[in-house]
Amino acid sequence: MPSHDQRRPSPEELLQRVEAEADHATRGQLKIFLGYAPGVGKSFRMLDEGRRRKQRGRDVVVIATQPSRDSAVAALLARFEIIPTLPGGALDLDTIRRRHPATCLIDGLAFRNQPGSKNEFRWQDVEDLLASGISVISTLNLQFVAERQREVEAIRGERVSDSVPQSFLLQAEEIEIVDAPPEYCLERARTSEFDEETISRQLSELREIALVLAAEVVDAQLLRYLKRHGIEQSYGTQERIMVCITPRSDASTMIHRARRQADRFHGELFVAHVEQNGLSPSDRVTLDANLACARDALASVVTLQGKDVVETILQFARTQGITQIFVGHSQRTGFWQRFKPNPVERLILESGNIDIRVFPQAEARSNLTQA
Amino acid sequence: MMSANTARLTIILGYAAGVGKTYRMLEEGHKLQAEGRDVVVGYFEPHARPATIAKTEGLELIPPRMIEYRGLSLPEMDIDAILARRPEICLVDEFPHTNVPGSPRAKRWEDILVLLETGMDVLTTMNIQHLESLNDKVHEISGVAVRETIPDWLLKRADEIVFVDLTPSALLNRLDRGVVYSPEKAERAKQNFFQEPTLAALRELALRQTAHEVDVRTPDLTAPPRELASAPRPSAERILIHVTESPSSVSLIRRGRRVADYLRAECFALSVVPAAGIQALPVKEREALEQHLDFARKLHIETRIVESNRPASAIAQFARTNGVTQIFVAKPARPTPSAFFSKHFLVMAVLREANDIQLTVVAERPARKHP
């Protein structure tokens, strides 16, 4: 491995690290149990976690629970002190702050408070408690994650108006997924509209989204941990594909293949292009078309600057934790080629722990340089 | 009434010891028993944790068979006793376990296949680090070379994969409280898997794998109707893995298998031996090559041997005649940027010979340095 992970952090990075640590110390800690549908057992897990903390001598109070038909949930609930919510469903922030327990158990983050409450949503009440240094254990259903609602609606065919922004989820110290086979949720998901097979399929699709979302949260936490400890080297647990394009490369095939592979691996897609001087007008047009194709494929599009194309690409790839680079084939031949590796060959030789996928190019020209 | 076709295999998947896999398996056992099913515990780790042992109460346990080995008496699952008892559902801990020498079968998963053959449903447990295709990734992340592995096709054989989640910090808490291991063993565990970033990375891998398993089991709405599904699709990918005697072949095979599974592609392995035949190879090389081909077959990859003194063109020709869409080759072991040497690398030769086919150059991923 190159020693880039041992390079000295910049003052800005050091400051960020100190701030991240300070933030870590004073705020209350947030733990969320995430489920893909009602019936997987989120409330039970939340209360069970509270019970275990209480057993270890921690001060745990229940603030809000959703009605449950599960007798095990009722039995658990009976073990806790309860601070009731206000009549409109909002959390009684003043009472909770005066009582100041170590940990609050709060069901249903997406709950919408009655108009006139301090905050519109329960997750905002929770935010206030965290800011007061009180830790919260809570539950959330996938369908209430704002950024996932369109996907969920497309699957379930029904709209949900209440939501929690994903950024709120991402700042949780702990998020645990509550997983179970779809049969567990069948009864509560049953509608007159769909047959059982359809509902089963819908549940499986929701389950997949929830698992990937949890993986993304874990990935964000891992990055945060690495940042706090000044480690730059990526773990490569998520596939991150980078497509390198030029004005002359057969970009659309590469981008489509990369999109498909990123989707199958639930990975991320980048499309990068190294800026070159003196592009001809027709090259400019093709490049713009290629970049538009990349944006259509919902890739993160980046323009890089650097004298050495190969080095520029690899530097970006390393900082982004890229696991695979897609490039067009270089078929340049000539006198100098007998002595000097071409850019694709250099990429292969110098890319360390990154895979390189080389695509045949219709025009038989390198997509890295036209020198 | 019971038949092998309908026997269900459920795998409870975790990412480390102590996340609660066995507990969850027993919980499911109780649930099934309450539904009136005939459940027995076929194997259960006798050194289990008190809370887990308590969970076996009310379930029928088949006592292990003691096998003498080097003066020790070691417990193994008693297959004959289970087959004689013939329950509907059998719970068996630790899918990847290697049996004591002298047992009828080398691996517990082979025992479990025997149970499934008789039409018995099986619930079992495993950790993500035991999945064959992730072996290199796990080594890269943790520095631990896991020897007991489960080939990926066995995971595909399972009807259901359920993920058991716990955050790394909660798991480390359990470890510190002595819930997971004895103090001495816990100290050792902290040297390998039980470090926060390692656990986070393994957890992310397990979440992504479960999402993938849910994905492949969800019927695709956009897929062609059932009667057309068996017809060859023009877009179907065919992956060819170039296997040599080099140790890098092992991780290349794993990576190719994994990508093929995710892309739902066919997967072949090809070795090119001298025109004079495989006997012309030095003994050591021949043995290594045969070992690698054997490894590929264990992962359900069809293997071929071609005799030629020009490996690059043999690979290209084989790929063309067999409709291969992507060739997987290993990255040169010790890259020298020097032109003269680089031209001699097989990769570069394949790159020139097969310039009409996509080529993936797979990197070796050494174990990361730990902070």
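Protein chains get the first letters and strands the later ones, always in sequence-line order, with residue 1 at the start of each.
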[X], part contacting chain B, at a heavy-atom distance under 4.5 Å:
X        : answer
A/Ile177 : both
A/Arg53  : neither
A/Tyr184 : side chain
A/Ser200 : neither
A/Glu183 : side chain
A/Gln238 : both
A/Glu176 : both

Counting heavy-atom pairs under 4.5 Å with chain B, which one of [options] comes out on top?
options                                : result
A/Gln324, A/Arg45, A/Glu216, A/Gln261  : A/Gln261
A/Ile175, A/Ile209, A/Val212, A/Asp219 : A/Asp219
A/Ile325, A/Val218, A/Val217           : A/Val218

Point-to-point distance, once rounded to the nearest 0.5 Å, from [atom1] of [X] to [atom2] of [Y]:
X        : Y        : atom1 : atom2 : result
A/Lys31  : B/Thr167 : NZ    : OG1   : 4.0 Å
A/Asp355 : B/Leu252 : CG    : CG    : 9.0 Å
A/Arg260 : B/Glu237 : CZ    : CD    : 5.0 Å

Taking [options] one by one, which has the highest count of heavy-atom pairs under 4.5 Å against chain A?
options                                : result
B/Leu263, B/Ile161, B/Thr10, B/Asn173  : B/Leu263
B/Val216, B/Leu202, B/Val214, B/Leu205 : B/Val214
B/Ala354, B/Ala200, B/Ser169, B/Ala201 : B/Ala201
B/Thr360, B/Leu134, B/Val361, B/Val362 : B/Val361
B/Arg258, B/Glu213, B/Arg177, B/Arg217 : B/Arg177

Report yes or no: does [X] contribute a side-chain atom to a donor-acceptor pair with the main-chain N or O of [Y] at less than 3.5 Å?
X        : Y        : value
B/Asp165 : A/Val178 : no
B/Lys331 : A/Ile356 : no
B/Gln358 : A/Val358 : no

Stepwise, does the salt bridge (Lys or Arg N to Asp or Glu O under 4.0 Å) test hold for A/Arg207 with B/Glu160? CA-CA 13 Å; A/Arg207 186 179 172 202; B/Glu160 186 68 69; 2.7 Å; yes
Need one label for [X]: side chain, backbone, both or neither, based on atoms under 4.5 Å from any heavy atom in chain A.
X        : result
B/Ile327 : neither
B/Val259 : both
B/Leu166 : both
B/Ala206 : neither

So if I apply the side chain to side chain donor-acceptor pair (under 3.5 Å) rule between A/Thr237 and each of B/Arg208, B/Glu204, B/Arg203, which one comes out positive?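 It is B/Glu204, the one option of B/Arg208, B/Glu204, B/Arg203 that forms the side chain to side chain donor-acceptor pair (under 3.5 Å) with A/Thr237.
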Salt-bridge test for A/Glu239 and B/Arg255: reply yes if a basic N is under 4.0 Å from a carboxylate O, no otherwise.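 Result for this pair is yes, salt bridge flagged.
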I'd like to check [X] versus [Y] (side-chain heavy atoms, cut-off strictly below 4.5 Å). Are they in contact?
X        : Y        : result
B/Gln209 : A/Leu211 : no
A/Arg52  : B/Arg174 : yes
B/Glu196 : A/Gln221 : no
A/Arg357 : B/Leu359 : no
B/Ile357 : A/Pro360 : no

B/Thr210 versus A/Asp179, closest heavy-atom pair with distance: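 So the minimum-distance heavy-atom pair works out to CG2-OD2, 4.0 Å.
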ring-ring contact (aromatic ring centres under 6.0 Å, His included) partners for B/His212, two or more places apart: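 B/His212: ring-ring contact (aromatic ring centres under 6.0 Å, His included) contacts with B/Tyr262.
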